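Step one of this worksheet: look at the structure below.
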Amino acid sequence: MLSLSSSPAPPRLLPPLPPSPEPSRPSSLSATTFSSPSQLKQLHAQLVKAGRSLSTLPLPQAAVVCALSPSSADFDYARSLLRRAADGKQEGVIWNTCLNALAGSGAPINALRLFSRLRTASYVLPDSFTCSFVLKACSELGPAAADVSLPAGRAVHGLVEKLGLHSDLYLHNTIVLMYACCGAMVEARLLFEKMPRRDVVTWNIVITHFVKRGDMETARELFDEMPERNVRSWTTMIGGYVQSGKPKEAIRLYCDMEEMGVEPNEVTVVAALAACADLGALELGERVHEYANRCGFLKNVRLCNTLTDMYIKCGCIELARGVFEEMEEKTVVSWSAMICGLAMHGQGEEALQLFSEMKRVGVRPNGVTFLGLLHACSHMGLLEEGCEFFTSMSRDYGLVPEIEHYGCMVDLLSRAGRLQDALEFIHKMPVAPNSVVWGALLGGAHVHKNVKMGEEAIKHLRRLDPLNDGYYIVLSNIYAEAGRWEDVARVRCMMRDEGVKKTPGWSSIALDGVVHEFVAGDSDHLQAEVIYRRWDELLMQLKSKGYVPDTCAVLLDMDEDRKEQVLHRHSEKLALTFGLINMPPGTPIRIMKNLRVCSDCHAAFKLISAITERQIVVRDRNRFHCFKDGLCSCRDYW
DNA sequence: GTAGGGTTAG
């Protein structure tokens, strides 16, 4: 067994390192099992017998043998083998190559171990390459091991200064990167400020790490300040905005980038498509799709996955399917994305069929695949099939259900009306239920008008996610539909006491590249008057077809006439009317809503799709509703 | 020898 105690005294340059891995817990390099002198000699004997030397080992393994040699004698032995094998090459070059291999291995700590040995025994005078590889190892170790990687990195930084290597810009960049990767942004920034020379990479490193920490403001300041930008600078910022939930900013930058004549690469395109997906920006998404096609990017699987997802999120399930079918190669991610997409669009049967197809071609499902399948079952009310999938995922595929899967199960059970079973399921879960799980029960309680279950759910939700207004609204709806107005008022007090604000609902619709947003009761829009007039006409037609306004959807305790007025100024109705006025007959109308579509609007939209012979696609915060010929793809099951 | 990318239930 190898431990530090059998190693030479800790070198001056590096702080003490954690002990080498035990043989029972090998790192990704199998050679870590050669951890005792006899094993090393055995290995050598085998190699000699086979007419090979240590040099015929893959280099990373040879390096690991050296790094982990328990005693100086073993190290010397390994070293002599390597030197003989390297046949005339300078020893410094051999070690640098070894360090590089270790830094890029699954156990970069071994690079620090080897370096520490080399320094103690003064086997080699470090040069800029040596430093660069050791710094890389520190970066690879990352912030989780900062107690090891940061002191080691600082030591190398000191060494660089001592050796007079500070004019090496490349090396300096690596040091900045090291600090950033170890989570020492202050030091990274300080060094960045002090650097006599910087290039675009220096800037990009610092920006990337602010982006990674979610500090888009600082990243943007630096981005605006930098003297020259390359594709990666742009891409980092665009991707950062997408990651931090600012797709509009992402798209703005993407357009700026195009204007500046910088050619987006495959990564840029992925980020841009993700932004389009978030925003439901179909037109831009299609433009990016064409660009990607022109550039030959469509052979990139990951890019096509994002493209598929973009069409799914923009409500174009057929186009998504088209991209999916055309893909030269499909990974589990491609299949999962498509299955989830079909489920989201209410095409549960197709989702299950696609799963059969996926199994047939031999692609192994992952946890996300099962989320899509459970979602599909929940949507179609396929209780037994859903339970079978849930069992199957661990039984047949060894996948451990995560909290998300439990959330789906609670959704499946409670939507199917099995509220008591759902509650018992929650109590028996091996992981602590989160707000999503209780939220699913609350949703089921709403569908099945079960006040008691709703109250049970909110009890937990108030603790787990007290500021989320959505839950209070649903509870309030449950009370309202039961005619319990005192309780509705009580929920409103509850919200006031907790300082919960109702998120204002909005709906948007794109026309000729311009996004029009509507809020309830909107009178600011240029066409407000025309919209209201057109709605009144529609309302007459609706009523003649048997539409009765569902005033239960209005939470406020007011008289029925007022309620109807409020109801008819819902943002999705305004957006739809705007679309009907401005878009040529026969074209589908696509609407996005930040909240869930209300039940009255849902009923009205079904009829309107029949009356106007229009397809209406609404993306709400959970799923898609595709209204056509008087029906909705969700089958009123949402 | 330095900087980036995908699918997820309510």
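Because the structure is predicted, anything quoted here is derived from the model rather than measured. Every chain is numbered from 1, with letters handed out A, B, ... down the list of sequences.
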With heavy atoms of chain A within less than 4.0 Å as the criterion, where does contact along DNA chain B begin and end? B:dG1 to B:dG10
Which part of the nucleic acid, if any, lies within reach of A:Phe297 when heavy atoms closer than 4.0 Å are counted: base, sugar-phosphate only, or nothing? nothing
When all nucleic acid strands are considered with a 4.0 Å heavy-atom cut-off, which category describes A:Thr331: base, sugar-phosphate, or nothing? base
Taking the ring centre of each residue, are A:Phe223 and A:Trp234 less than 6.0 Å apart? yes
Quick one: label A:Asp168 by what it contacts on the DNA or RNA (base, sugar-phosphate, nothing), any heavy atom closer than 4.0 Å. base
Looking at every strand, decide which applies to A:Phe133 at a 4.0 Å heavy-atom threshold: base, sugar-phosphate, or nothing. sugar-phosphate
Ring centres under 6.0 angstrom apart (A:Phe324, A:Trp335): yes
A:Tyr397: ring pair (Phe, Tyr, Trp, His ring centres under 6.0 Å) partners, not counting sequence neighbours: A:Phe370
Over all strands shown, is A:Thr235 touching base, sugar-phosphate only, or nothing at heavy-atom distances under 4.0 angstrom? base
Need one value for A:Leu177: base, sugar-phosphate or nothing, where a base atom within 4.0 Å counts as base even if backbone is also close, heavy atoms only. sugar-phosphate
Using a 4.0 Å heavy-atom cut-off across all strands, classify A:Lys313 as base, sugar-phosphate, or nothing. sugar-phosphate
How about A:Glu325: does its CD atom have over 12 heavy atoms from other parts shown lying under 6.0 Å from it? yes
For A:Thr268 and A:Asn265, which I'm curious about, is there any donor-acceptor pair between the side chains at under 3.5 Å? yes
All N/O donor-acceptor pairs, side-chain side in residues 133-142 of chain A, below 3.5 Å, sequence neighbours left out:
| residue | atom | partner | partner atom | Å |
| --- | --- | --- | --- | --- |
| A:Lys136 | NZ | A:Asn100 | OD1 | 3.0 |
| A:Ser139 | OG | A:Leu135 | O | 3.1 |

Looking for any heavy atom pair under 4.0 Å, which part of the strands does A:Ser336 touch: base, sugar-phosphate only, or nothing? base
Check every strand shown and say whether A:Asn300 touches a base, only sugar-phosphate, or nothing at a heavy-atom separation below 4.0 Å. base
